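Numbers here simply count residues along the sequence, with the first being 1. Everything quoted here is computed from the prediction, not taken from an experiment. Each ligand, and each atom within it, is numbered from 1 in the order the structure gives.
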Amino acid sequence: MHNGVSVTQFIIEEQRRLPGATGDFTSLLNDIVSACKVISNLVNKGALVGVLGTAGSENVQGETQKKLDVITNEVFIKSNEWAGHLAAMASEEEDDIYPIPAQFPRGKYLMSFDPLDGSSNIDVNISVGTIFSITRCPEGVNEPTKEDFLIPGNEQVCAGYALYGPSTMLVLTTGNGVNGFTLDRDIGEFILTHPNMQIPADTREFAINTSNQRYWEAPVQRYVEECLQGKEGPRGANFNMRWVASMVAEVHRILIRGGIFMYPKDNKDPGKAGKLRLMYEANPMSFIVEQAGGASSTGRTRILDIQPEDIHQRVPVILGSKNEVERVVSYHAE
Ligand code: AHM
Ligand code: MG
């Protein structure tokens with residue numbers, strides 16, 4: 001027996017407070033939790049179970065897929081397709097949406113996910129994660145198409161991530177704050193360890209891949225330059241820098257101790273608005289960050305207000321401690 005609150009208990013209690021809740025959503029979350037436990041186990045065993053290395057294929061974005069990208073995508077789909085809660089799924093690793101196969105009942109939710117984010121870190125044994133976002137399937141739609149997924153982030157019902165780090169954690173929001181759960185492997189349950197997570201409004205830590213510096217726009221150049229000047233510069237304070245190259249790990253750090261994360265617009269490839277994907281990365285993370293008191297913007301627009309145009313759309317992302325994000329946004333406005 002454990003004495004903590006399990007994620008299942010937490011969700012059931014949260015749903016009970018909502019009039020008209022059917023238990024459907026609780027059950028969907030249970031399937032997601034199960035998928036994350038399976039992925040955690042695979043990531044944890046790594047080379048012992050032969051899952052490291054490349055798969056020899058490319059995804060729709062033209063990126064080389066890792067074996068674990070492919071395997072975890074399969075795990076997420078198989079865990080979530082059968083129970084009758086979803087109408088369709090969209091994955092970073094799939095060209096098209098995945099409608100629920102005809103042998104299963106269709107439900108009222110749509111789910112978008114990145115089964116293994118930060119996959120360049122798998123082979124070097126650095127933290128990776130899974131990110132997911134749930135929206136309601138538009139009223140009256142039984143055979144959803146790509147277009148039905150193009151719902152702005154501010155309509156998400158739930159967003160979350162699993163972080164496969166020194167411990168495996170699940171962090172969730174249903175629009176009522178952010179809560180973190182740690183996987184207790186001995187009992188196989190995620191236990192509430194980080195209730196009501198809050199991002200401090202101020203920070204002295206930034207995260208950006210500076211190898212792209214020559215491609216950044218002027219406002220981001222200015223912000224980073226001012227941080228680098230430290231005590232002697234206009235900010236009058238020394239800044240620290242981190243870059244894990246796993247967005248889940250960066251967002252988690254920011255939820256724990258504050259910070260700003262940027263994958264900004266740059267002119268490296270004029271065909272791409274940024275690196276990160278709106279549906280699988282930017283929207284769910286922005287929902288979590290805002291629910292924890294932080295802010296999230298492209299530099300010009302609040303991410304949750306963007307009307308998506310394509311399921312694989314990319315956007316610039318600047319998120320984290322509110323006052324720093326607002327500063328970068330104000331530099332864009334000048
Ligand atoms: P992925 O979904 O293909 O793993 O790419 C997303 C990742 C993010 O987790 C991370 O913030 C970023 O890509 C790192 O990019 P870079 O390698 O350019 O620093
Ligand atoms: Mg990925």
Side-chain angles (χ1 to χ4, degrees), residues 39 42-43 51-55 57-73 75-76 90-95 112-133 159-165 169 171 205-216 220 224 241-255 259-269 271-286 288-289 294 296-299 303 310-320 325:
I39 296 174
L42 287 167
V43 168
V51 293
L52 303 189
T54 53
S57 50
E58 279 189 355
N59 67 9
V60 61
Q61 347 251 341
E63 298 158 339
T64 307
Q65 286 179 305
K66 300 276 183 184
K67 272 189 207 163
L68 265 177
D69 282 325
V70 177
I71 298 168
T72 56
N73 186 52
V75 168
F76 223 72
S91 166
E92 185 182 300
E93 302 300 334
E94 303 266 349
D95 299 8
S112 307
F113 63 93
D114 180 355
L116 202 63
D117 183 66
S119 46
S120 73
N121 278 325
I122 297 167
D123 294 349
V124 291
N125 202 6
I126 292 173
S127 300
V128 287
T130 298
I131 312 173
F132 61 90
S133 157
Y161 63 77
L163 170 62
Y164 314 112
M169 284 195 67
V171 172
E205 193 163 72
F206 66 98
I208 192 165
N209 183 341
T210 48
S211 73
N212 294 321
Q213 181 181 0
R214 64 194 184 283
Y215 304 114
W216 298 338
V220 172
V224 172
M241 199 208 80
R242 287 285 183 277
W243 188 250
V244 187
S246 280
M247 189 190 196
V248 176
E250 321 268 10
V251 169
H252 193 69
R253 183 185 64 247
I254 290 170
L255 280 167
I260 181 169
F261 166 90
M262 293 175 279
Y263 216 116
K265 181 169 162 32
D266 62 35
N267 59 21
K268 193 177 185 177
D269 177 351
K272 290 180 187 163
K275 175 176 185 191
L276 300 175
R277 271 80 17 152
L278 177 61
M279 310 291 286
Y280 318 111
E281 293 159 338
N283 267 344
M285 289 312 203
S286 300
I288 292 169
V289 164
S296 180
S297 170
T298 64
I303 286 180
D310 182 81
I311 54 169
H312 295 301
Q313 176 177 352
R314 296 172 189 260
V315 288
V317 175
I318 297 164
L319 59 75
V325 173

Q) Going by atom types alone, do Tyr263 and Asn212 pair a side-chain donor with an acceptor below 3.5 Å? A) yes
Q. Should you measure from each heavy atom of Ser246, which atoms of ligand 1 turn up under 4.0 Å away?
A. 9 (O)
Q: Identify, by atom number and element, the atoms of ligand 1 in contact range of Trp243, meaning under 4.0 Å from any of its heavy atoms.
A: 14 (C), 19 (O)
Q: Under the side chain to side chain contact (heavy atoms under 4.5 Å, CB included) rule, what do Val224 and Met262 come out as? Steps first, then yes or no, please.
A: CA-CA 10 Å; Val224 172; Met262 293 175 279; 4.2 Å; yes
Q | Option of least heavy-atom distance to atom 19 (O) of ligand 1 (set: Ile208, Asn209, Leu116) | A | Asn209
Q: Take the angle between the ring planes of Phe132 and Phe76 and call it parallel below 30°, perpendicular above 60°, tilted in between.
A: tilted
Q | Taking every non-hydrogen atom, the tightest pair across Val244 and Ile126 | A | CG1-CG2, 3.9 Å
Q | Closest contact, heavy atoms only, Pro115 versus Thr130 | A | O-OG1, 2.7 Å
Q | For Lys275, all residues meeting salt bridge (charged side-chain N to carboxylate O under 4.0 Å, His left out), sequence neighbours excluded | A | none
Q: For ligand 1, indicate whether the residue Ser119 contacts it via side chain, backbone, both or neither (heavy-atom separation under 4.0 Å).
A: both
Q | Where ligand 1 meets Arg277 - atom numbers and elements under 4.0 angstrom, heavy-atom basis | A | 1 (P), 2 (O), 3 (O), 5 (O), 6 (C)
Q) If you count the atoms of ligand 1 from 1 in the order shown, which ones are under 4.0 Å from a heavy atom of Glu92? A) 1 (P), 2 (O), 3 (O)
Q) Should Gly118 be counted as touching ligand 1, given the test is an N or O pair under 3.5 Å? A) yes
Q: Determine, using heavy atoms of Glu250 and all atoms of ligand 1, whether some pair is separated by less than 4.0 Å.
A: no
Q) What atoms in ligand 1 come closer than 4.0 Å to a heavy atom of Glu281? A) 2 (O), 6 (C)
Q. Is it true that Tyr280 lies under 4.0 Å from ligand 1, counting heavy atoms only?
A. no
Q. For ligand 1, which atoms have a heavy atom of Phe261 less than 4.0 angstrom away?
A. 11 (O)
Q) Do ligand 1 and Ser120 have nitrogen or oxygen atoms that lie under 3.5 Å from each other? A) no
Q: Give the contacting part of Asp117 toward ligand 1: side chain, backbone, both or neither, where contact means a heavy-atom distance below 4.0 Å.
A: both
Q: Heavy-atom contacts with Asp114 under 4.0 Å: which atoms of ligand 1 show up? List them by number with element.
A: 2 (O)
Q | Geometric N/O contact Asn212 with ligand 1, under 3.5 angstrom | A | no
**Q.** Heavy-atom check, side chain of Glu281 versus side chain of Val317, under 4.5 Å
**A.** no
Q: Please confirm whether Phe206 and Trp243 have ring centers closer than 6.0 angstrom.
A: no
Q) So is Ala245 close enough to ligand 1, meaning a heavy atom under 4.0 angstrom away? A) yes
Q. Just wondering, do Val248 and Met169 contact through their side chains at under 4.5 Å, heavy atoms?
A. no
Q. What do the steps show when you test Ile303 against Asn283 for side chain to side chain contact (heavy atoms under 4.5 Å, CB included), and what is the final call?
A. CA-CA 7 Å; Ile303 286 180; Asn283 267 344; 3.6 Å; yes
Q | Heavy-atom closest pair, residues Arg277 and His312 | A | CG-O, 3.8 Å
Q. Does any N or O atom in Met247 lie less than 3.5 angstrom from one in ligand 1, N or O only?
A. yes
